[in-house]
Amino acid sequence: MAKYNVNAVRAQRLEALGERWEFELDGDTFSLPSELPREAVARLSGLDPSDLDGLLEVLLGAEQFEQLGRHALSVQDIQALLEAYGRDTGMALGESSASTRS
């Protein structure tokens with residue numbers, strides 16, 4: 001039986017998705033990782049489910065989060081953004097943690 005090559009499969013995923021998922025807001029471009037490192041999932045699991053700022057800061061990083069904070073975003077904007085991110089990357093950001101869809 002052939003060995004499962006994690007590096008080859010990861011390379012295929014990243015080739016299909018790209019390394020970053022981008023969105024635009026008021027002319028500024030932001031990017032989220034198309035795959036989350038395990039450390040990010042651990043940080044996300046420690047957040048309160050209603051902590052949208054905490055979620056965004058983990059996903060964006062401190063610098064982009066600060067830049068995003070200069071824009072007026074509603075909860076509905078963030079929800080639509082996260083839904084599009086999940087749809088495009090296969091990432092499911094649940095109530096208390098992030099996971100990938102099966």
Side-chain angles (χ1 to χ4, degrees):
M1 180 182 305
K3 288 191 275 185
Y4 182 80
N5 187 322
V6 174
N7 292 330
V9 174
R10 179 186 308 133
Q12 288 174 338
R13 279 193 318 265
L14 292 175
E15 185 176 332
L17 292 173
E19 298 236 357
R20 307 290 293 173
W21 184 85
E22 294 185 336
F23 66 95
E24 185 178 329
L25 176 62
D26 299 329
D28 287 338
T29 300
F30 299 88
S31 66
L32 302 172
S34 57
E35 295 196 351
L36 288 179
R38 290 181 12 235
E39 300 81 31
V41 175
R43 288 180 57 204
L44 290 171
S45 69
L47 296 176
D48 182 280
S50 64
D51 188 356
L52 291 177
D53 284 344
L55 170 67
L56 290 171
E57 187 168 12
V58 169
L59 294 174
L60 290 165
E63 185 177 315
Q64 284 192 108
F65 178 71
E66 183 180 326
Q67 182 182 4
L68 184 71
R70 297 182 196 123
H71 298 274
L73 277 173
S74 69
V75 172
Q76 291 81 1
D77 290 333
I78 295 168
Q79 181 180 6
L81 173 69
L82 294 175
E83 286 173 2
Y85 176 60
R87 180 184 62 246
D88 293 350
T89 64
M91 196 77 59
L93 298 171
E95 299 233 342
S96 62
S97 65
S99 63
T100 56
R101 293 187 192 141
S102 333

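Heavy atoms only: backbone and side chains are in, while hydrogens, waters and symmetry mates are out.
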Do [X] and [Y] sit in one hydrophobic cluster, given that two such residues count as connected whenever their side-chain heavy atoms are within less than 4.5 Å of each other, even indirectly?
X: Leu82; Y: Val41; value: yes
X: Leu32; Y: Val75; value: yes
X: Leu60; Y: Met91; value: yes

Residues forming a side chain to side chain donor-acceptor pair (under 3.5 Å) with Asp77, sequence neighbours excluded: Ser74
Arg20 side chain reached by Pro33 side chain, heavy atoms, under 4.5 Å: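 Contact flag for Pro33/Arg20 side chains = yes.
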Spacing of [X] atom [atom1] and [Y] atom [atom2] [to the nearest 0.5 Å]:
X: Leu56; Y: Gln64; atom1: CG; atom2: CD; value: 10.5 Å
X: Leu25; Y: Leu81; atom1: CG; atom2: CG; value: 9.0 Å
X: Leu55; Y: Arg43; atom1: CG; atom2: CZ; value: 10.5 Å

Between Gln79 and Glu83: side-chain donor-acceptor atoms closer than 3.5 Å: yes
Counterpart residues, side-chain contact (heavy atoms from CB on, under 4.5 Å), relative to [X] (two or more places apart):
X: Asn5; answer: Asn7, Ala8
X: Asp88; answer: Trp21
X: Glu22; answer: Thr29, Ser31

Parallel, tilted or perpendicular: rings of Phe23 and Phe30 (30°, 60°):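 Plane angle under 30°, so parallel.
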Set of residues satisfying salt bridge (Lys or Arg N to Asp or Glu O under 4.0 Å) with respect to Arg38, sequence neighbours excluded: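 Listed in chain order: nothing, the list is empty.
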Inter- and intrachain pairs under salt bridge (Lys or Arg N to Asp or Glu O under 4.0 Å), touching residues 25-37, at least two apart: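 Qualifying pairs, neighbours excluded: Arg13-Glu35.
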Flag if over 12 foreign heavy atoms under 6.0 Å of CD, Glu63: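 Open.
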